[in-house]
Q: 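This is the structure, below, for whatever I ask next.
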Amino acid sequence: MTQVWRDVEIAVPHLFSWREVLAYLNRSPNECLHRVTNDEVWKYIDLSGQRVLLRVGVKNEDTLRVAYLSDRPGDHQVVQYVREWFDLDRDLTPFYALAEANSLLQPLTLAHRGLRIVGVQDLFEALCWAVIGQQVNLAFAYTLKRKLVETYGDSMTLNGNQYWLFPRPESLASASVSHLRALQLTERKSEYLIGIAQRMVDGRLSKQGLQALGSGMAAERELCRIRGIGPWSANYVLMRCLRWQDAFPIQDAGLHQAVQRRLGWDRKPTLAELEALSRGWEGWRAYAVFYLWQSLLS
DNA sequence: ATCCAGGAAGGCG
DNA sequence: CGCCTTCATGGA
């Protein structure tokens, strides 16, 4: 089948910065699920069975330019994907108003003005990434993810660059613990990933099902019933995948480090101190966390 | 070496 | 319920 490049443009909302989004996307040199060049990001995606290679950049300050390589036109689906990926449909003005009155956030909204929470739309990927990232440093987590993707995922190659899809649940549901152990996942994490894959294959777990619960708190309770998914992982997934803007992974080590650094303390904040601090972020705690993460890059 | 890393489960009282 | 231990390995 012949694949051709097609172009589509997306008008950008108020309080959006491509430079900030790109900086987030580019935070790890070991990322295997997209490739960042100077001013663009490339990503291979699956849009309900249709595989598409995306290339996103900016035409000007107000317009994203999206090129996509696929068998057939699908402007609408591509635009929807990108809008969700970069959270373009959210009005950030309330967050900026809140940050204006918050001494911890104010410098961050100044430094990273226009940063949006970059999404992980695929629920299975988001859950696996959370499990992989538990209690290991990020560099190692990226290595583990790469091994998992390159073992169980599909790819395409263009101009010498290989682009990967995250594995489908079906691929991991039938894997064995020893297979995953060989990738340096721990025995427990291997069990968690296989269990999550099986739940998705048999339909007990789906993004649609979680969304149908109607609230972030209800989805959090449901996610925490899954073996291997605790409060941190649940809130991480709510933040990146289900896009609950008040999700709050309070146990997050990166959050702790960022808060310590912003406050100039010689120790990590306690959970009680984080509870108190985050009271000023209520309604937008996921955005507060994401901006704090971004502050660790600079 | 030693401690930490984008935690969670399972056991105990 | 709250606290403690175990898991396991790479990075700094």
Side-chain angles (χ1 to χ4, degrees), chain A residues 23-33 108 112 115 117-120 122-123 125-148 151 166 177-199 205 220-244 246-262 265-275 277-278 281 285-298:
Chain A
Y24 180 80
L25 288 167
N26 200 30
R27 90 208 118 116
S28 170
N30 206 13
E31 175 62 66
C32 59
L33 294 176
L108 300 183
H112 308 295
L115 173 66
I117 294 181
V118 175
V120 178
D122 178 3
L123 176 64
E125 178 189 336
L127 285 163
C128 290
W129 179 229
V131 168
I132 289 170
Q134 290 168 8
Q135 192 60 22
V136 297
N137 62 68
L138 264 183
F140 183 44
Y142 277 106
T143 299
L144 289 172
K145 181 170 82 164
R146 175 181 291 279
K147 290 187 189 180
L148 189 72
T151 306
F166 193 79
V177 168
S178 61
H179 288 149
L180 298 186
R181 282 283 298 146
L183 307 181
Q184 287 180 290
L185 285 155
T186 65
E187 184 135 358
R188 284 226 275 255
K189 284 187 180 182
S190 302
E191 293 168 1
Y192 298 164
L193 295 185
I194 293 167
I196 289 165
Q198 289 172 343
R199 273 179 183 262
L205 173 61
E220 178 183 4
R221 277 196 300 277
E222 198 59 28
L223 284 166
C224 286
R225 299 165 60 93
I226 301 167
R227 181 158 181 265
I229 303 300
W232 175 82
S233 300
N235 278 275
Y236 183 87
V237 168
L238 285 162
M239 174 179 173
R240 300 293 304 281
C241 181
L242 296 170
R243 292 214 165 276
W244 184 29
D246 202 32
F248 188 42
I250 191 170
Q251 302 87 343
D252 185 81
L255 168 67
H256 302 171
Q257 188 187 343
V259 168
Q260 174 183 0
R261 200 186 289 186
R262 295 308 309 172
W265 290 4
D266 60 359
R267 61 169 178 85
K268 305 288 189 212
T270 65
L271 292 184
E273 286 165 340
L274 285 162
E275 290 282 5
L277 279 170
S278 66
W281 314 336
R285 291 183 297 182
Y287 258 89
V289 168
F290 203 72
Y291 273 61
L292 282 158
W293 285 349
Q294 185 86 339
S295 75
L296 292 172
L297 296 179
S298 48

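Convention: sequence-line order gives letters A, B, ...; per-chain numbering from 1. This one's a predicted model, so the numbers in the text were calculated from it and none came from an experiment.
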Q: Could you list where the contact with chain A starts and ends along DNA chain C, reading 5' to 3', using a 4.0 Å heavy-atom cut-off?
A: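 Result: C/dT6 to C/dG11.
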
Q: Taking ring pair (Phe, Tyr, Trp, His ring centres under 6.0 Å) as the test, write out the residues that go with A/W244, two or more places apart.
A: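 A/W244 satisfies ring pair (Phe, Tyr, Trp, His ring centres under 6.0 Å) with no other residue.
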
Q: Which residues pass the ring pair (Phe, Tyr, Trp, His ring centres under 6.0 Å) test with A/Y291, not counting sequence neighbours?
A: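 Partners of A/Y291 under the ring pair (Phe, Tyr, Trp, His ring centres under 6.0 Å) test: A/F95.
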
Q: What does A/I229 touch in the nucleic acid at a heavy-atom separation under 4.0 angstrom: a base, only the sugar-phosphate, or nothing?
A: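 Sugar-phosphate contact only.
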
Q: Can you tell me how far C1' in C/dG10 sits from the matching atom in B/dA9, rounded to whole Å?
A: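 Going atom to atom, C1' in each nucleotide, I get 22 Å.
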
Q: Determine the contact category for A/I226: base if any of its heavy atoms lies under 4.0 Å from a base atom, sugar-phosphate if only primed atoms, P, OP1 or OP2 are that close, otherwise nothing.
A: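 Sugar-phosphate contact only - A/I226 comes under 4.0 Å of backbone atoms but never of a base.
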
Q: Side chains of A/Y287 and A/M239: closer than 4.5 Å at any heavy-atom pair?
A: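 Not touching, per the 4.5 Å side-chain cut-off.
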
Q: Here's a test of your reading of the structure: between A/G228 and A/R27, which maps to the more 5' nucleotide of DNA chain B?
A: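 It is A/R27 whose nearest nucleotide is closer to the 5' end.
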
Q: Using the P atoms only, state how far C/dA8 lies from B/dA1, rounded to an integer number of Å.
A: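 My reading of the P atoms in B/dA1 and C/dA8 gives 22 Å.
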
Q: Not counting sequence neighbours, which residues clear ring pair (Phe, Tyr, Trp, His ring centres under 6.0 Å) with A/Y142? List them please.
A: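 Residues passing ring pair (Phe, Tyr, Trp, His ring centres under 6.0 Å) with A/Y142: A/W129.
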
Q: Can you check the A/Q135 CD to B/dA9 C1' distance for me, whole Å?
A: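 So the CD-C1' distance, A/Q135 to B/dA9, works out to 13 Å.
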
Q: Heavy-atom nearest nucleotide on DNA chain B for A/L255 versus A/Y192: which residue maps closer to 5'?
A: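 Going by which nucleotide is closer to the 5' end, it is A/L255.
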
Q: Describe the nucleic acid contact of A/P231 in one word from base, sugar-phosphate, nothing, applying a heavy-atom distance below 4.0 Å.
A: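 A/P231: backbone/sugar contact only, no base atoms under 4.0 Å.
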
Q: Rounded to whole Å, how long is the line connecting atom CD of A/E187 with atom C1' of B/dG7?
A: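 Atom CD in A/E187 sits about 18 Å away from atom C1' in B/dG7.
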
Q: I need the CE-P distance between A/M239 and B/dG7, as an integer number of Å.
A: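 Roughly 13 Å, once rounded to whole Å.
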
Q: Which whole-number value in Å describes the distance from A/N137 CG to B/dC3 P?
A: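 My rounded result for the distance is 17 Å.
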
Q: Counting the atoms with a prime plus P, OP1 and OP2 as sugar-phosphate, which does A/Q134 contact under 4.0 Å by heavy atoms, base, sugar-phosphate, or nothing?
A: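 Touches sugar-phosphate only.
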
Q: Partners of A/Q294 by side chain to side chain contact (heavy atoms under 4.5 Å, CB included), sequence neighbours excluded?
A: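 Listed in chain order: A/E20, A/A23, A/Y24, A/H112, A/L115, A/L297.
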
Q: Roughly, in whole Å, what's the span from CG in A/D252 to P in B/dA5?
A: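 Distance, rounded to whole Å: 10 Å.
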
Q: Between A/W129 (CH2) and B/dG7 (P), how many Å, whole number?
A: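 Taking CH2 of A/W129 and P of B/dG7, I get 11 Å after rounding.
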
Q: Filter on salt bridge (Lys or Arg N to Asp or Glu O under 4.0 Å), then keep only pairs touching residues 126-147 of chain A, sequence neighbours left out; what's left?
A: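 For residues 126-147 of chain A, and leaving out neighbouring residues, the salt bridge (Lys or Arg N to Asp or Glu O under 4.0 Å) pairs sorted by first residue read A/E31-A/K145, A/R146-A/E150.
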
Q: Below 4.0 angstrom from OP1 or OP2 of B/dG10, is there any side-chain N or O of A/R227?
A: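 Result: yes.
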
Q: Check the distance between B/dG7's C1' and A/I196's CD1 and give it to me in whole angstrom.
A: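 So the two atoms are 13 Å apart, to the nearest Å.
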
Q: Restricting to non-hydrogen atoms, name the atom on A/G228 and the atom on A/Q134 that form the minimum distance, rounded to 0.1 Å.
A: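 Heavy-atom minimum between the residues: O-NE2, 2.9 Å.
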
Q: In whole Å, what is the span from the CD1 atom of A/I250 to the C1' atom of B/dG7?
A: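 Answer to the nearest Å: 14 Å.
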
